[in-house]
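Data block below; observations after.
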Amino acid sequence: MKRKQRKRRDQTDMAAVNRSVSRAEIYKYIMAFALLLYIVLLLIYSSGSTKSFEEAAGNVEAGIQTDSLVKQNAQALKRHYGLNGADYEGAVLYMAEDSISVEEILMVKVKNDQQVHIIQDAVRDRVNSRKNSLENVSPEQVKLLDKARILVRGRFVFFAVSKNAQEYAELFTESL
Amino acid sequence: MLFSNISFIFIFLPVTVLVYLLASPKKKNTVLLTASLVFYAWGEPIYVVLLLLSAMFNYFCGQDIEDRRDNPVRAKKSLAFAIVINLLILGFFKYYALLMESVNAVSPAEIPYREFALPAGISFYMLRVLSYLIDIYRGEAGAQKRFVSFALYLTMFPTLPAGPVERYAELNVQLEKRMVSPQRFGNGAMLFVCGLAKKVVLADSLGIFQEQITGMQIGTFSMLTAWIGCAAFAFRLYFELSGFADMAAGLGRMFGFEFRRNFNYPYISRSVTEFWKRWNISVASWFHIYVYEPLGGDRTDSFRQMWNLLLLGILTGFWYGARWQFLWWGIYFGVLLSAERFVWGKLLVRLPKAVQHIYAVIVIFIGWAWFFSPDLGLALDYIGVMFGVGASGIADTQTLYFLISHWLLLVFCIVGSSSRGTAVLHSIIEVPQSLQGKKIAACVVYMIIFIVSLAFLVTGTGESGLIIQF
C-alpha cells in the first residue's frame with residue numbers, strides 16, 4: 001500500500017516537473033516571437049536609410065512651402081543651433097523670414113550615432129530658448145513649439161516646427 | 001547617457017543613491033533595476049523594450065536549460081536555441097550593416113537596407129547573457145528564480161555601457177546579499193572620481209591631440225609624428241576604457257557590489273601574452289573560458305593551439321567593432337600570441353626586461369593603427385609611415401610642435417598608465433602623520449581631482465566616440 005502511494009506520488013511529481021518544464025519552454029518561445037515582432041516594428045517605424053543626404057533632403061525640400069520658409073546657410077545653423085555643418089554628412093535648415101515666427105525645419109544626417117544626441121540636445125536647447133523669448137509675446141507661437149516634431153531614423157535627424165509639422169514629418173519618413 | 005555627464009553626476013546618481021539607501025534590503029534590487037532602466041532610457045528610450053524583452057527571453061531560457069539538465073541532449077538543444085537567438089540579435093544590430101556593405105561592394109546591383117543605431121552596451125550585455133546560459137548548462141550556477149535579480153545582473157547601469165563583464169556564477173551571491181558601508185561608499189566614490197578624471201581630463205584631451213595627427217593626409221607628416229599619434233591613441237583608448245571601468249567599479253562599490261579589476265596597467269607588459277592578461281581582463285577572460293578552453297585550450301597539439309589562438313583573436317577583434325580592420329587587428333594579435341608561444345617566446349624572456357618592454361609597446365601600438373584608421377588601406381598606409389614609408393622624414397617641425405605643446409599631457413599619460421600614478425597619489429595622502437590628517441588629505445586630493453574633472457567636463461563634450469561602438 002505504502003509502495004503504491006509512493007509510486008503514485010512519484011508519478012505526480014514527474015508530471016509536475018514536466019508541466020513546469022513545458023511552462024518555461026512555452027514562455028521562451030513566446031518571448032522569442034515577441035523579440036521578432038519588436039524588431040519588425042523597429043524596421044518599420046524607426047530604422048534609418050542608406051540613401052545619401054542629398055537624395056533624402058531633396059525629397060523633403062521639394063515639399064516645403066518656400067513662401068513662408070527660407071533656406072539658411074551654415075552660419076545660421078551655427079548661430080541658432082550651435083552646430084557646425086561640416087561635422088555632419090549633410091545638414092539643411094529652413095527658417096521663417098519673420099523673426100516672431102517659430103517655423104523651422106532642420107534635417108541632418110550624422111556621421112556616427114553619438115552625433116544624434118548632440119543634434120537632439122541642440123534642438124531641445126533651441127526650442128527652450130524660443131519658448132523663453134516668446135512666452136509673454138506670442139502664446140500661439142509657443143503652442144507651435146509644443147507641437148514640434150523631432151524624428152530620428154538611423155542617422156537621419158529631422159526637426160519641424162510648423163502648422164504643417166505633421167505633413168513635413170511624413171514627407172521625411174517617406175523620403176527615406 | 002554616460003557617467004561622464006553633468007546630469008548623471010548631479011541628478012541621476014544622487015537621486016539613485018538616496019532612494020537606494022532608504023529602500024529596504026528586499027527592495028534594493030528593484031530600485032537599482034529601475035534606475036538602470038531609466039539610465040538606459042535616458043539615451044536610448046526605444047531600446048529599453050529590447051532590453052526587457054531580451055531579459056525575459058533569457059530568463060525563461062535559463063529556467064528551461066536547468067529543468068532539462070537531467071537530459072543532456074535536450075539541455076544542449078535548449079542552450080543552442082538560446083545562443084542562436086542571442087547571436088542573431090547581436091548580429092542584426094551590430095554586424096548587419098557591415099554584412100550588407102560587403103555584399104553591396106561585390107554585388108552588381110546595390111541592395112538597399114535599413115540602418116539601425118547600435119543599442120548602447122549590446123556587446124557587453126550579450127557576453128553577460130551567454131555567460132549566464134552557459135554557466136547554468138555546465139551546472140556552475142543555478143537559474144535565477146527572481147526576474148528582478150536576473151534583469152539587474154544583465155542591465156546594472158554601472159556595468160551596462162562599458163563593462164566589466166562579470167560572470168553570473170561569480171556575481172549571483174552579491175545579487176542576493178551585499179553590504180553597503182560608509183567606508184565602501186567612500187572608496188567607491190574615490191574610484192569613481194579617478195575614473196572620471198581618466199576619461200574627461202586625459203582621454204578627451206588625448207582625443208583632440210590624436211585626431212589632429214591621425215586625421216592628417218599620409219605623406220604630410222613624419223615618422224616620429226606618426227608614432228606620437230599612435231601613442232596618443234593608445235593612451236586615449238586605455239584611459240577611456242579603464243576610466244569607465246574605474247567608474248563602473250566605483251559605482252558598484254557604492255551600491256555594495258565588488259567587481260574585479262578590468263585593467264592592470266597593460267602598457268607595462270613585456271609581451272603580447274602578458275598584455276592580453278592585463279587589458280580588458282573581463283572580456284579576455286570571457287573569451288578564454290567560453291571559447292578557447294572548450295576548443296581544447298592548451299591541451300591540444302601545437303597546430304590546433306595556433307588555430308585556436310587565431311580564432312580567439314578574430315572573435316575578440318570583431319567583438320570590439322563591426323569593421324573589417326578589427327578583424328585584421330584580431331588576426332594580428334592571434335598571430336603574435338602564437339608566435340610568442342611557439343616561435344620566439346623562449347628567446348624573448350632571455351632578453352633584458354627593457355628590451356622586452358620596448359618590443360611589447362611597439363607591437364601593441366602598431367596594432368592600434370587598425371583601430372583608429374577608417375579602413376584597412378589607410379591603416380596599412382599609416383603603419384607604413386611609422387616605419388618611414390610615405391613619411392615626410394624622420395622628424396620635422398610638426399613633431400617638435402606636438403612634443404612641446406603636449407609634453408605635460410604625455411608625461412601624465414606615461415605616469416598614469418603605470419602603478420607610479422597611484423603611488424604618487426598615495427604618497428600625497430600619506431604625508432600627514434595622523435589618521436585624521438590622512439583622511440583630510442584624501443578628501444582634499446580627490447575633491448581637487450573632481451573639481452578639475454568638472455571643469456574639463458563643462459568645457460568639453462563629455463561624450464566619447466570610442467566607447468559607443470561597443
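First the proteins, then the strands, lettered A, B, ... as listed; each starts at 1.
- Residue contact with chain A, scored on non-hydrogen atoms closer than 4.5 Å, involves the backbone and the side chain of B/L50 alike.
- Within a 6.0 Å sphere centred on NZ of B/K145, heavy atoms belonging to other residues, nucleotides or ligands number more than 12.
- Heavy-atom contacts from other residues, nucleotides or ligands closer than 6.0 Å to CZ of B/R138 number more than 12.
- Here the CD1 atom belonging to B/I85 is positioned 12.0 Å from the CE atom belonging to A/M31, to the nearest 0.5 angstrom.
- For the pair A/K28 and B/F81, the minimum side-chain heavy-atom distance is below 4.5 Å.
- Contact check for B/S78 versus A/E25: no side-chain heavy atoms found under the 4.5 Å cut-off.
- In this structure, chain B has no heavy atom under 4.5 Å from any part of A/L36.
- Within 6.0 Å of the NZ atom in B/K76, the count of heavy atoms belonging to other residues, nucleotides or ligands does not exceed 12.
- With a 4.5 Å cut-off on side-chain heavy atoms, B/F93 and A/I39 count as touching.
- The two residues B/D67 and A/A24 have their closest heavy-atom pair at OD2-CB, 4.2 Å.
- Side-chain contact check for A/L42 versus B/F92: every heavy-atom pair is 4.5 Å or farther apart.
- Between A/Y29 and B/F57, the ring center distance fails the sub-6.0 Å criterion.
- Between B/M56 atom CE and A/Y27 atom OH the span is 12.0 Å, to the nearest 0.5 Å.
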